[in-house]
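Note that ligands are numbered from 1 as they come in the structure, with each ligand's atoms numbered from 1 the same way.
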Amino acid sequence: MLVIHPDECIDCGVCEPECPVEAIVPDTDAKAQAFAEINSEFSKQWPKISEKKSAPADADQWEDVPNKFPEHFSPKPGNLIVS
Ligand code: SF4
């Protein structure tokens, strides 16, 4: 999981169509409201991603997993809790 810093996002919308699993939605979208606070909180705590990287090796495995948040969420950056 990554988060977008709400104060640094200029709402250009470029990222939205680029996300292959449609995980990025405008903050005006009702399903984004629950994540607004999470984005704000963890964008201040987690390291910034400043270089393009390949998708994680297990990205496809996680694509259709329901309820990834909060069931698999860890507040530690880069960690994943697998139950
Ligand atoms: S690409 Fe996405 S995160 Fe970056 S400024 Fe545009 S809307 Fe915000």
- Backbone of Ala36 reached by a side-chain donor or acceptor of Ser40 within 3.5 Å: no
- Query: So, does Lys68 use its side chain to make a donor-acceptor pair with the main chain of Trp62 at under 3.5 Å?
  - Reply: yes
- Cluster link Ile24 to Val14, ILVMFWY, side chain under 4.5 Å: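 No, because Ile24 and Val14 fall into different hydrophobic clusters, even though each may have its own neighbours under 4.5 Å.
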- Item | Listed protein N/O/S atoms, distance to atom 6 (Fe) of ligand 1 under 2.8 Å | Cys12 SG
- Message: Any protein heavy-atom neighbour for atom 4 (Fe) of ligand 1 (distance below 4.0 angstrom)?
- Response: no
- Message: Other residues, nucleotides and ligands only: do more than 12 of their heavy atoms fall within 6.0 Å of CD on Glu22?
- Response: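 Counting neighbours around CD of Glu22, 12 or fewer heavy atoms of other residues, nucleotides or ligands fall under 6.0 Å, so no.
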- Query: If you count the non-hydrogen atoms of other residues, nucleotides and ligands that lie under 6.0 Å from CD in Gln33, is the total more than 12?
  - Reply: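 Result for CD/Gln33: enclosed.
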- Any residue meeting side-chain contact (heavy atoms from CB on, under 4.5 Å) with Lys31, in chain and number order, not counting sequence neighbours: Val25, Asp29
- Below 6.0 angstrom between ring centroids: does that apply to Phe35 and Phe42?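 Centroid separation for Phe35 and Phe42: 6.0 Å or greater.
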- Task: Check each atom of ligand 1 against the heavy atoms of Ile4 and keep those under 4.0 Å away; list them by number with element.
- Result: 3 (S)
